[in-house]
Amino acid sequence: MSTRLPILEDLGELRGKRVLVRLDLNVPLATDAEGRRTVSDDFRIRAALPTLTFLLNRGARVTACTHLGRPAGEPDPRYDVAPVRELLTEMIPGVVLMENLRFSPGEKANDPAFVASLVEGQDCFVNDAFGVCHRSDASVVGPPRLLPSAAGRLVQREVEQLGSLLNSPARPFVVVVGGAKVADKLGLLESLARRADRLLIGGAMAFTFTHALGKSSGASIVDETKLEACKELILHSDNILLPVDFVAAGPGVAIQPDNWGPAGAGETAEVGMAVADPREVQIFGQSIPEGWRGYDIGPASAELFREAIADAATVLWNGPMGVFEDRRFAQGTRTVAAAVAASAGRTFIGGGDSVAAINHYGLADKISHISTGGGASLALLEHGDLPGLKALRESPLATQLDSGS
Ligand code: 3PG
Ligand code: MG
């Protein structure tokens with residue numbers, strides 16, 4: 001079996017060749033005043049341009065394909081790719097973009113007949129869809145079995161960057177993980193607890209840990225099915241740092257979504273307790289009273305996390321510290337974002353919410369590597385490989401390269 005990931009150069013002469021390119025153009029859409037769907041963040045489209053430019057410049061005929069959202073295996077006007085196609089064509093003319101792959105049930109089912117229909121008439125395949133390389137979907141793992149195949153520039157870069165985190169991170173290596181669902185990230189936390197020097201856990205998932213340690217969590221989100229596993233992890237690791245305080249909302253206080261507060265850095269007075277009604281929002285220690293629900297790490301925790309990040313030579317951040325889209329609960333995420341941006345070490349961010357936060361605070365250019373894949377980057381760090389990468393390494397072209405022909 002091959003170990004080397006084939007790259008664009010390995011495809012050889014491309015003039016006149018028909019190349020199928022799998023992209024991850026699963027971008028957020030917004031609906032404007034006239035009811036038109038438009039792309040609200042073009043990060044993933046921009047990230048696809050180096051590969052498309054490479055192929056077009058070498059005279060290839062390029063057909064691109066992507067999924068968009070999670071339609072149920074049939075056409076659904078909410079998920080047609082028209083707004084993506086429009087922007088893509090504006091940014092780089094000459095690429096044909098197929099309709100949403102997930103309009104066909106064969107995509108998620110990895111149906112060989114669907115793979116055959118995708119590769120029909122194509123000469124080569126390029127996978128540049130890093131964000132979906134952790135899925136064994138038809139368009140990700142199928143074509144490399146049938147066509148000479150290679151990783152695109154984005155996949156190549158993500159693998160190099162995240163690979164350096166897997167193999168030999170400069171130490172201290174500090175990992176900050178947040179987000180709501182502990183179940184989704186437990187395997188990753190277990191694997192990172194072994195490899196990182198410090199593992200900081202924030203976001204709603206922290207309540208399953210504090211609850212497991214016997215603290216009251218009030219009305220906060222706790223995953224009862226993961227209490228034992230969280231307790232085990234804490235007891236067997238000496239490098240995990242949990243929040244020591246939380247910002248919580250009282251009974252009946254609702255989240256105000258889309259109330260992010262000012263964009264850009266340095267507006268600290270405009271978020272957190274500074275804009276909260278003290279009858280509705282309060283700071284508690286690790287125990288939260290009955291009826292109150294924690295929505296952010298508290299100021300003492302934010303300061304501890306900031307100090308740990310400042311000491312690091314390598315930082316990986318995935319997942320927000322709180323419900324930062326309500327600025328009363330944004331201070332933890334904002335502090336972590338600023339600390340990661342201020343780090344003199346190498347810094348990595350993955351996951352849609354953390355990436356949205358770093359962009360909102362205007363700090364993206366201060367980060368060494370921002371991954372286009374949330375789930376994919378975590379799966380790569382947890383397992384050291386992804387189905388989409390494995391398919392490329394095992395494709396007939398890669399096997400030929402390995403045997404030196
Ligand atoms: C993402 O946005 O996380 C990727 O495009 C993968 O999408 P999926 O989680 O629906 O497979
Ligand atoms: Mg996802």
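In this chain, numbering begins with 1 at the start of the sequence shown. Quick note: numbers below take in every heavy atom, side chains included, and nothing from hydrogens, waters or symmetry partners. Please read all numbers here as calculations on a predicted model, not as lab measurements. Whatever order the structure lists ligands and atoms in, that order sets their numbers, starting from 1.
A tilted orientation is assigned to the rings of F329 and Y295, their planes being inclined by 30° to 60°. Between F207 and F246, the angle of the ring planes lies from 30° to 60°, which puts this pair in the tilted group.
At least one N or O atom of H67, backbone or side chain, sits closer than 3.5 Å to an N or O atom of ligand 1. Any N or O atom pair closer than 3.5 Å counts here, and R70 shares at least one such pair with ligand 1.
Here is the list of ligand 1 atoms found below 4.0 Å of a heavy atom in G131: 4 (C), 6 (C). Using a 4.0 Å cut-off to heavy atoms of D24, the atoms of ligand 1 that qualify are 4 (C), 5 (O). Residue-ligand proximity, R102 to ligand 1, at heavy-atom distances under 4.0 Å covers atoms 8 (P), 10 (O), 11 (O). Listed by number with element, the atoms of ligand 1 under 4.0 angstrom from any heavy atom of R135 are 8 (P), 9 (O), 11 (O). The contact set between ligand 1 and N26, taken as ligand atoms under 4.0 Å from a residue heavy atom, comprises 1 (C), 2 (O), 4 (C), 5 (O), 7 (O).
A donor-acceptor contact shorter than 3.5 Å links the side chain of E13 to the backbone of R15. Between the side chain of N26 and the backbone N or O of G69 there is at least one donor-acceptor pair closer than 3.5 Å.
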Which donor-acceptor pairs under 3.5 Å do side chains of residues 349-359 form with protein atoms, sequence neighbours excluded?
residue, atom, partner, partner atom, Å
S354, OG, G319, N, 2.6
S354, OG, G350, O, 3.4
N359, ND2, V355, O, 3.2

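D41 pairs by the side chain to side chain donor-acceptor pair (under 3.5 Å) definition with nothing, not counting sequence neighbours.
With a 4.0 Å cut-off on non-hydrogen atoms, K108 does not touch ligand 1 at all.
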